[in-house]
2 protein chains.
Amino acid sequence: MIQDSIRILQARGYKITQPRKQVLEVLQGAQKPLSPYDIQGLLQKQGKYVNHVTIYRILDLFCSLNLTHRVLSSGGFVKCAIESKEGCHRFMVCSRCGALQEFADEELCRDENRFAQNLGFHTEYHLSESSGLCANCHKKSEGPEGV
Amino acid sequence: MIQDSIRILQARGYKITQPRKQVLEVLQGAQKPLSPYDIQGLLQKQGKYVNHVTIYRILDLFCSLNLTHRVLSSGGFVKCAIESKEGCHRFMVCSRCGALQEFADEELCRDENRFAQNLGFHTEYHLSESSGLCANCHKKSEGPEGV
DNA sequence: GCGCTAATTGCAATATTATTGCATTTAGCC
DNA sequence: GGCTAAATGCAATAATATTGCAATTAGCGC
């Protein structure tokens, strides 16, 4: 919920402004990662003007607080869907419909850390994005009479 | 080695041109990911002019053949260091010195696939970049008398 | 080595994405 | 309501990326 994000912003001493609320709303309603200019365009359709520089700055802030994430494989931003979860947040992106699922798993982090340790590397943060078919698209790809 | 890449290009019917060899050489000598314009700049220092559009196209080709990879967290390109390895190629980027280590591990892929399956997702490709301290920088951070 | 042709590169224009400094506005406080 | 730091808008510009078309070149047969 957007309210959670707003509470976090307040708790850290950041002001709750119109542009910040509007960016949160747009991201909340999005089905896929949005670029800063996507966000600006969607807001404009609602008659709300926000300068793109402002959107960049808002996204920088949100990402630093983990309220949003930047999805590197598509270059867009998404609202964090699992704010409470421990472990690095990971994405699965459907290569057909673009749908994005976020998850976190501490065991995967441990597996990666262990592997890195063997190479002398001390991991602080994991970036992980998988592409493949989501449940829906996979079902369709098996034909209408599927399983 | 560059020769390996050249052999792969030839085997697939691509011509061995000056720009392609030069881009390979620059990437081979690099200690960190390079942007297309970085590459152009380095070549220019050697008195070799290659148009940036050409470099973009060469990198597209190389990446499609897995001769190079795009490192998303830094936005640059690196020559593939483990061309023969099975499994998705992964990176560890040192957050202090920028050094990059490439590796692949089929078990990590299986772990990720298993997890995705549980969420109904059928993975085709993994993108994985970790950041942390490389062996060298970690040693230094423990002080000169460190282990 | 010479010419031929498809593949490749260069060029020019333009689109997209991102950043900076400074003036203006506004949220949250009294 | 007025005050002030924080946030936004604006304008300029930088950095990154793409397109269509003309010019060049690698690799082929001879």
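Nothing here was measured: the structure is a model prediction, and the numbers come from that model. All chains are named by letter (A, B, ...) in the order of the sequence lines, taking the proteins before the strands, and each is independently numbered beginning at 1.
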- Which whole-number value in Å describes the distance from A/N51 CG to C/dT17 C1'? 14 Å
- Message: Whether the B/E102 and B/H89 side chains hold a donor-acceptor pair (N or O, under 3.5 Å, no angle test) is what I'd like checked.
- Response: yes
- Indicate whether OP1 or OP2 belonging to C/dT8 is found under 4.0 Å from a side-chain N or O atom of B/T54. no
- Query: Is it true that B/R57 and B/D60 have a side-chain N and a carboxylate O under 4.0 angstrom from each other?
  - Reply: no
- Item | Phosphate contact (C/dT17 OP1 or OP2) by A/Y37 side-chain N/O below 4.0 Å | no
- Does any N or O in the side chain of A/E129 come within less than 3.5 Å of the main-chain N or O of A/V93, such that one atom is a donor and the other an acceptor? no
- Task: Specify the residue among B/Q10 and B/R70 whose closest nucleotide of DNA chain D lies further upstream toward the 5′ end.
- Result: B/R70
- Query: For the side chain of B/R70 and the backbone of B/C63, is there at least one donor-acceptor N/O pair under 3.5 Å apart?
  - Reply: no
- Message: Just to be sure I understand the rule, does A/V50 reach a base, reach only the sugar-phosphate, or reach nothing, if contact means heavy atoms closer than 4.0 Å?
- Response: sugar-phosphate
- Mind checking which nucleotides bracket the chain B contacts on DNA chain D, 5' to 3', with an atom under 4.0 Å from a heavy atom? D/dT16 to D/dG27
- Any donor and acceptor pair, going by atom type alone, linking the side chain of A/Q40 with main-chain N or O of A/V50 inside 3.5 Å? yes
- Report yes if a donor N or O on one partner sits less than 3.5 Å from an acceptor N or O on the other, where the partners are the side chain of A/Y14 and the base of C/dA27; otherwise report no. no
- Closest to the A/R57 side chain: C/dT8, C/dC22, C/dA27? C/dC22
- Item | Nearest-angstrom distance from the residue atom CG of A/D38 to P of C/dT17 | 7 Å
- Query: With a cut-off of 6.0 Å (strictly less than), are more than 12 heavy atoms of other residues, nucleotides or ligands near CD of B/Q46?
  - Reply: yes
- Task: Could you tell me how the ring of B/Y37 sits relative to the ring of B/Y56: parallel (under 30°), tilted (30 to 60°) or perpendicular (over 60°)?
- Result: perpendicular
- Rounded off to whole Å, could you give me the CD-to-C1' distance for the B/Q18 and C/dT8 pair? 13 Å
- Message: Looking at A/H52 and C/dT19, is any side-chain donor or acceptor paired with a base atom of the opposite kind under 3.5 Å?
- Response: yes
- Message: Ring-plane angle category for A/F103 and B/F115, please: parallel below 30°, perpendicular beyond 60°, tilted otherwise.
- Response: parallel
- Task: Using whole Å, report how far CD of B/Q22 lies from P of C/dT9.
- Result: 10 Å
- Message: Strictly by side chain to side chain donor-acceptor pair (under 3.5 Å), give each pair with a member in residues 116-126 of chain B just once, sequence neighbours left out.
- Response: A/S95-B/E124, A/S130-B/H126, A/H138-B/H122, B/E112-B/H126, B/N113-B/H126
- Is there side-chain contact between B/S131 and A/L127, with at least one heavy-atom pair below 4.5 Å? no
- Roughly how many Å is it from CD1 in A/I6 to C1' in C/dA27, rounded to a whole number? 13 Å
- Look at B/R20 and C/dA7 and indicate whether a side-chain polar atom (N or O) is within less than 4.0 Å of OP1 or OP2. no
- Spacing of A/I58 atom CD1 relative to C/dA27 atom P, expressed in whole Å: 12 Å
- Item | Rounded to 10 degrees, the angle between the two terminal axes of the helix from C/dG1-D/dC30 to C/dC30-D/dG1, each from five pairs | 40°
- Item | Integer-rounded Å distance: C/dA15 C1' and B/Y56 OH | 12 Å
- Task: For A/L61 and for B/I16, locate the closest nucleotide of DNA chain D by heavy-atom distance; then report the residue assigned to the nucleotide nearer the 5' terminus.
- Result: A/L61
